[in-house]
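Contents: one structure, followed by commentary.
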Amino acid sequence: MSTTLFRTIQPNHFTLLTTALLRTRTKTSRHISVRCQTSTTTQQPRTSAPKNHGSNKLDEILKDYEAVIGIETHVQLSTSTKAFCSCPNSYGSHPNTSICPVCMGLPGALPVLSSKVVDFGVRLGLALNCSLSLKSKFDRKQYFYPDLPKGYQISQFDVPIASGGYVDVDIPLEFGGGHRRFGITRVHMEEDAGKLLHSDAGDYSQAMIVDLNRAGVPLLEIVSEPDMRSGVEAAEYGSEMQRIVRYLGVSNGNMQEGSLRCDVNISIRPIGQAEFGTKVEIKNLNAFSAMSRAIDYEITRQALLYNQGQADKIVTETRLWDEGAQKTVTMRKKEGLADYRYFPEPDLPEVILTQEYVDSIRASLPELPEAKRRRYEAMGLGIQDVLFLANDVSVAEYFDEVIGKGADVKSAANWLMSDIAAYLKNEELSISDVKLTPHELAELIAAIKDETISGKIGKQILFELLAKGGTVQGMIKEKDLITDPVEIEKMIMKVISESPKQLEQYRSGKTKLQGFFAGQVMKMSKGKANPALLNKILLEKLNAKE
Amino acid sequence: MTTRALLAAISGCPRRNIINSSTFSPSLHFQRQESRIIARSFSSDTNSSLPDISRLAETARISLTPAEIEECEPKIRQVIDWFGQLQQVDVNSVEPAIRAEMEGGSLREDAPQTFENRDNIRASIPSFDETYLKVPKVLNKE
């Protein structure tokens, strides 16, 4: 098995120190920064350089420079209401219909925290192996922007609900495979802002427009340690975040919808240098593949500047990923520094968790992707199969049900990965829509295994069951399979008489030719002969005429 | 600001909580290891780090003339000094609280309710135009 790379960076000691130092200097340290100004603590040597998309240029760069990547992920929670008011939380509603005095920030309105948000926060914190703060609080993060009705965002600044965790991932085989562990600095609760849009209408040209349906929607923000070293690792971290929130059912994790948003912080440093380089933030990433490409581009851009002796041109800034041009571009330069003037939210009490509450949630967590992958591996499945089956929680559940009925593990995996997956792709369905029940798939596998039907017939039955449902037994009856030994014997005798040469070869030792005869009988019967009976009788006949 | 950071470095400790990170200088700064208090330090330099009033006014989007800023400064200094009296209290044996009140509040059920008076809300927005709020074009996010 590949080595497990495990980074330990003492988190809070250096991070809060850095926050204090950086807040007066740099623009955004609105979260506890994870940059260490001094050297990192124990680092285990990497056994191989991180793989990327196979770009030779990048490989060359990575011989001299190391990329240090951290990711901030915002997860929109799939609760029924907003975080601090009872307005419905539903994507795609007519603009400015899910509003009330609280989320509009009207005078006198008071926020009330939803219990579901705390539940989801604890759930995600536990899933990311974090320590939970049994007491945490909310703070106001103050700034002015048209999509922020109150002029501040209710967030958690210095006492988040969860901190100090990690996530284990498997790098896809095509990028080198292997396990990685990435640290999680913190998870905290906050609310989303509204949507600021450009207007297309003629007279709007000097204005923009705002839809406040999204203002107040609950978010969980996950801040990672700067443990990723390549675009591939970052993309896999992002995918695992998506997998975990979907497994937990706390969010649908759709990047296209905006329910999962990732911002990347990246810097590079010459290999061997202890200090981190200048950090650049990249926003506007709509897919994990874009994340990976953006990182590769940014590594190349920064390395080029280093090589030209222009490392000082790399400034702390936010860049946008331009999907069309496939490059990062500077956002308009900001005037001055962001000072969010955090202070404890006076309108909200402490968030208090009891140990019993936390324990009950921990007990109700589903099997998470990492545990599933390890369990599937232990069952003897190859890593490729493991990664496929554990990727989608519905597929994994389906698979678990099938093998729960006693089906052979490898067969179940093969059917799911090949024919069933292809069917789902063609019909653009998800596994939950399919009419073939796990029970019937198990039946099918068993029927092929005990040679009631041939593999070919099995496939036919599979397609019919997928499309129309039904039972395996029913299909077998319908197909009018030949199970009468007398009839099979007749066909066998015919085939044998028609192939004297092969019979001769069989008699003189080429016993593998049994397959040839079986195949001929199958052809003659259009696949309907019962394989078990066929082989039994065939063997008798072939060996009898001795 | 820097004092706080240096103090943090000197008394290295796995867990720290900064209560108040505003630009005002007297900020309680304490360190905690699990539930024990290790050390407490105050940056009580009320003389040196008076906030930059004009910058403060800008972040709060309040426009002040230079004369008004002049006028404001001593008043703000007075307020800071007044709060500074709190630093004379010896709280070394007291567990820091993250909030003032004693109990946590009750939480809300996740049951959606449509606000009945949405029309009035929308009607009271001057720049509301059928579907959206019209806002001036903003160049820079703060």
Side-chain angles (χ1 to χ4, degrees), chain A residues 10 12-13 16-17 19-21 23-24 79-81 86-89 94-101 104 106 112-116 118 135-137 142-146 157-159 196-197 199 204 206-212 332 334-336 338-339 341-344 348-352, chain B residues 1-9 12-23 29 55-56 58-61 97-118 121-122 124-125 127-142:
Chain A
Q10 297 303 313
N12 293 331
H13 177 91
L16 287 173
L17 160 66
T19 308
L21 287 172
R23 267 176 55 75
T24 50
T79 55
S80 310
T81 62
S86 299
C87 286
N89 173 16
H94 191 74
N96 292 307
T97 51
S98 188
I99 57 175
C100 77
M104 294 289 274
L106 298 186
V112 183
L113 179 62
S114 149
S115 55
K116 204 74 186 251
V118 180
K135 289 189 182 186
S136 65
K137 68 169 170 67
Q142 302 176 92
Y143 62 98
F144 292 94
Y145 206 59
F157 176 59
D158 52 324
V159 192
L196 183 61
L197 309 158
S199 152
Y204 279 49
Q206 285 312 305
M208 296 179 78
I209 53 179
V210 172
D211 170 16
L212 291 174
R332 234 160 309 191
K334 299 193 173 151
E335 313 158 350
D339 180 354
R341 289 152 286 136
Y342 287 98
F343 72 92
L348 287 171
E350 270 181 307
V351 181
I352 297 182
Chain B
M1 238 30 103
T2 335
T3 341
R4 190 169 4 130
L6 285 174
L7 290 165
C13 172
R15 276 246 215 128
R16 293 192 296 110
N17 294 305
I18 300 176
I19 281 296
N20 189 337
S21 349
S22 72
T23 52
H29 178 214
R55 173 146 165 69
L56 196 61
E58 195 192 309
T59 51
R61 298 293 191 273
I98 53 177
R99 292 290 286 128
E101 68 270 16
M102 303 303 279
E103 350 173 327
S106 50
L107 301 173
R108 185 176 45 85
E109 281 299 307
D110 189 36
Q113 273 172 30
T114 314
F115 186 70
E116 331 82 34
N117 231 341
R118 289 168 298 164
I121 296 181
R122 287 186 286 254
S124 68
I125 301 171
S127 69
F128 193 80
D129 195 350
E130 270 178 47
T131 328
Y132 292 101
L133 281 82
K134 265 170 36 180
V135 296
K137 200 161 189 159
V138 174
L139 293 178
N140 288 322
K141 192 161 186 170
E142 182 175 350

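Minimum interatomic distance between B/Val135 and A/Pro146 (heavy atoms only, all atoms of both residues): CG2-CB, 3.8 Å. B/Tyr132 and A/Asp211 make their closest contact through CE2-CB, 3.7 Å (heavy atoms, listed as atom of the first residue, atom of the second, distance). Of all the heavy atoms in A/Pro95 and B/Thr131, the pair that sits closest is CG-CG2, 3.5 Å.
Formation of a donor-acceptor pair under 3.5 Å by the B/Arg122 side chain with backbone atoms of A/Asn96 is found in this model. With A/Ser115 contributing its side chain and B/Arg108 its backbone, the two residues share a donor-acceptor pair below 3.5 Å.
Screening A/Pro101, A/Ser98, A/Ser86 against B/Phe115 for a side-chain contact (heavy atoms from CB on, under 4.5 Å) leaves a single residue, A/Pro101.
Here the NZ-CE distance, from B/Lys134 to A/Met208, works out to 14.0 Å after rounding to the nearest 0.5 Å. Between the OG1 atom in A/Thr81 and the CG atom in B/Asp110 there is a gap of 4.0 Å [rounded to 0.5 Å]. The CZ atom of A/Arg341 sits 4.0 Å away from atom OG1 of B/Thr59, with the distance rounded to the nearest 0.5 Å. The distance from the CD1 atom of A/Ile209 to the CZ atom of B/Phe128 is 10.5 Å, given to the nearest 0.5 Å. With values rounded to the nearest 0.5 angstrom, A/Ser80 atom OG is found 12.0 Å from B/Gln113 atom CD. Interatomic distance, A/Leu212 CG to B/Ile125 CD1, rounded to the nearest 0.5 Å: 7.0 Å.
Heavy atoms of A/Leu348 lying under 4.5 Å from chain B belong exclusively to its backbone. For a residue to count as touching a neighbouring chain, one of its non-hydrogen atoms must lie under 4.5 Å from one of that chain's; by this rule A/Thr97 touches chain B with backbone and side chain alike.
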